[in-house]
Protein chains: 2
Amino acid sequence: MRKTGNMENQRRSVTIRDVAETAGVSVSTVSRVLNGKVDVAKETKNHILSIIDDLGYSTNLAARSMRSQKKNLIGLIMPDIAYPFAIEVMKGVNRAIAESEFDLLVYTSGDVRKRGRVTSEQKYITLLAKSISDGVIVVAPVASEYNIDKPIVSIDPVMSHPNYPSVHATNYEGSRAAMEYLIGLGHKRIGFINGRTELESANRRLSGYRDALKKNGIPIKEELIASGDYTTETGVKCGRQLLSLKNRPTAIFASNDQMAMGVYQVAEEMGLRIPEDFSLVGFDNISESKYLGLTTVDQFISEQGYGAMQMLIQIINEVPLEKQTLKVQTQLVVRSSCREYHES
Amino acid sequence: MRKTGNMENQRRSVTIRDVAETAGVSVSTVSRVLNGKVDVAKETKNHILSIIDDLGYSTNLAARSMRSQKKNLIGLIMPDIAYPFAIEVMKGVNRAIAESEFDLLVYTSGDVRKRGRVTSEQKYITLLAKSISDGVIVVAPVASEYNIDKPIVSIDPVMSHPNYPSVHATNYEGSRAAMEYLIGLGHKRIGFINGRTELESANRRLSGYRDALKKNGIPIKEELIASGDYTTETGVKCGRQLLSLKNRPTAIFASNDQMAMGVYQVAEEMGLRIPEDFSLVGFDNISESKYLGLTTVDQFISEQGYGAMQMLIQIINEVPLEKQTLKVQTQLVVRSSCREYHES
DNA sequence: GTGAAAGCGCTAACAT
DNA sequence: ATGTTAGCGCTTTCAC
């Protein structure tokens, strides 16, 4: 039954040829059945189908991808799959995928550092895009241009004006909103914990912080700006740094919720209460912060994933995009009101 | 610079041939450089490398996969990517990936139903496995056998004794532990909310429930067993059902934490307090239940992902597996003690 | 050290 | 309705 050719001990898997030979038809007929073409006699088709079943044949993705255009596969490329932002994006993309005709292939090297070390982002994108998918979504890409002919949409790109469509939250506006809220409460000494400065999104949040102070005539004190990297650990570090200043800030605005969580921990350690002793606001709304009643700026990350997928599908179907940039609105979520503060 | 051949408007992407022609060498030489073979003159190599850089060439995964064995790619196949169990598995796999030489490709059709509808699980597994990866991890597979020659490891398989290595939690033991805890507290009327009965894991949890009652001489009342499907919604439904019995259970054990969350919501609605009015325990430990202080049975899902990946790597490297089944120990986590209860 | 040629498994254009 | 043929882009003998 199984054609073994020569005495190689390598187990070969069953190919379209095996099916064709067993069924006594040509390879192309099998291919036609496989691809649902109509011009195949019903009985031939059924015969082939049963042989396929018998042999447990299934198509070779690689081979197929080489020949045909449409692959019904979308690639999602992320540096790391296990951090909150990535997971939220995936949820959104996944939802769009479920509603679509496409399947999803998520690619990751598991770790930002490993990826950077081994080879460039460009390589992976091209790999997935040119080879086996109809288009790709890239999270936080660093390059401003990719020379592939496949559709590409990015989420939270590092560059402010990349040459590909992109999706991002209104980081500046959200940051402004948070600050206006705190300032409106009477705060004048507001600490800021910065995120990964290589990301445009982080810089926009910082700008929001600075501009809000400026517009309200509050002098910017560099000692109140701590630099973190979006992890809870640096949140702890920066929280300690800010809260142990002789002239402690009356409020802290963290550039993401993970770092806000860190500050929260420090506050507990130091016996400081929120909001009595100081106010705390965090960007993002994905971590435990919501269970702690923290005030946050929600950037609707999963909507960004969903939106990116929608854009991509449009491009693939050659529907012209109205805008190259999709802005997902941020929203200030006040859970437990922050402390009102007025200088004595 | 770009070879366009005929006047097709289809943009072709740059191939190994383009590189070869531009560099004035043969395709095979370029291939040698690409694959780090040693028998290439240093200057030829550098020349080709710079051309590759100029042209922005990157290899076609599909084509390469067709020819060579080792792909340094692991496939993870999941019916759906956006539910807590899946995410936890991914985290664990991701961690193992980050420590390894492999990259990860997660495949999903986004929705269990869609997947079942379009085509069989077998097809997707074979697709990924035979085509482009060195081995696959499958979450909650339904078939007990796969005819592929690539390594495969499953997590929480539906069958109790599949013909492939598998990883799962000690569901029965965990369930017993939770029940012994509740019974030890004096409870006699303990409600159970069942999960998806097609999963072996769910059945084991139910067995644990039944056996614990039996061993302790407590009669099993079928009215106390409600059937859910692991979603919060059915948790709500079953919670209502159990809590509105005339003879209300004094404790409820939900087959996963999502459903326990649902019961928690119902309790709030009905004005019932936990643990004063009744005790609540949930299997799993991944949802918000931990912030609500619920008692849970942790099944260490991400460890299951990590373990599966370790097993897979062993198989790929042809290290014999000691056991075909990896059992990850469950652990009862008592957050806020449940109510002690003694029949009057 | 390098090139020519075969062929991986498949699809699609062209025959019949 | 089915078979024949020509590649897709790549790796890998086997020559030279």
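We name chains A, B, ... by the order of the sequence lines, and we start the count at 1 in each one.
- When each of B:V25, B:V30, B:D18, B:T22 is paired with B:I51, the side chain to side chain contact (heavy atoms under 4.5 Å, CB included) condition holds for B:T22 and for no other.
- Residue-level contact check: B:S65 touches neither bases nor backbone, having no heavy atom under 4.0 Å from any strand.
- OP1 and OP2 of C:dA12 both lie 4.0 Å or more from every side-chain N or O belonging to A:R67.
- Here side-chain hydrogen bond (donor to acceptor under 3.5 Å, both in side chains) pairs that include residues 151-162 of chain A, with residues two or more places apart or in two chains, are A:D156-A:S201.
- In the set C:dG9, D:dC10, C:dG1, C:dG9 carries the atom at the smallest distance from any side-chain atom of A:I16.
- Rounded to whole angstrom, the span from the CG atom of B:N60 across to the P atom of C:dC8 amounts to 18 Å.
- For residues 22-31 of chain A, the set of pairs meeting the salt bridge (Lys or Arg N to Asp or Glu O under 4.0 Å) definition, not counting sequence neighbours, is empty.
- In this structure, B:M66 and B:G24 both approach DNA chain C, and ranking their closest nucleotides by distance from the 5' end singles out B:G24.
- Listed for the B:T108 side chain is a donor-acceptor partner under 3.5 Å among the backbone atoms of B:M78.
- Between the CD1 atom of A:I132 and the C1' atom of D:dC10 there is a distance of 15 Å, rounded to whole Å.
- Pairs engaging residues 307-325 of chain B under the side-chain hydrogen bond (donor to acceptor under 3.5 Å, both in side chains) rule: B:Y306-B:Q310 [sequence neighbours left out].
- For residues 32-46 of chain A, the pairs satisfying side-chain hydrogen bond (donor to acceptor under 3.5 Å, both in side chains) are A:S31-A:N35, with sequence neighbours left out.
- DNA chain D is contacted by B:V27, B:S28, B:S31, B:R32, B:N35, B:K37 of residues 25-42 of chain B, taking any non-hydrogen atom closer than 4.0 Å.
- As rounded to whole Å, 13 Å separates atom C1' of D:dG9 from atom CD of B:E21.
- Here D:dC8 presents its P atom at 19 Å from CG of B:L61, a figure rounded to the nearest Å.
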Given the rule in the salt bridge (Lys or Arg N to Asp or Glu O under 4.0 Å) test, do B:E303 and B:K91 qualify, once you have shown the distances and angles that lead to the verdict?
CA-CA 9 Å; B:E303 286 310 310; B:K91 284 186 187 172; over 6 Å; no
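- Rounded to a whole Å, the CD1 atom of A:I48 is 13 Å from the P atom of D:dA1.
- Side-chain contact check for A:N72 and A:D134: no donor-acceptor pair (N or O, by modelled atom type) lies under 3.5 Å.
- Rounded to 10 degrees, the angle separating the terminal helix axes of the helix from C:dG1-D:dC16 to C:dT16-D:dA1, each built from five base pairs, is 40°.
- Remark: P of D:dC10 and CZ of B:R17 are 11 Å apart, rounded to the nearest angstrom.
- With 3.5 Å as the limit, one finds a donor-acceptor pair spanning the side chains of A:Y107 and B:D103.
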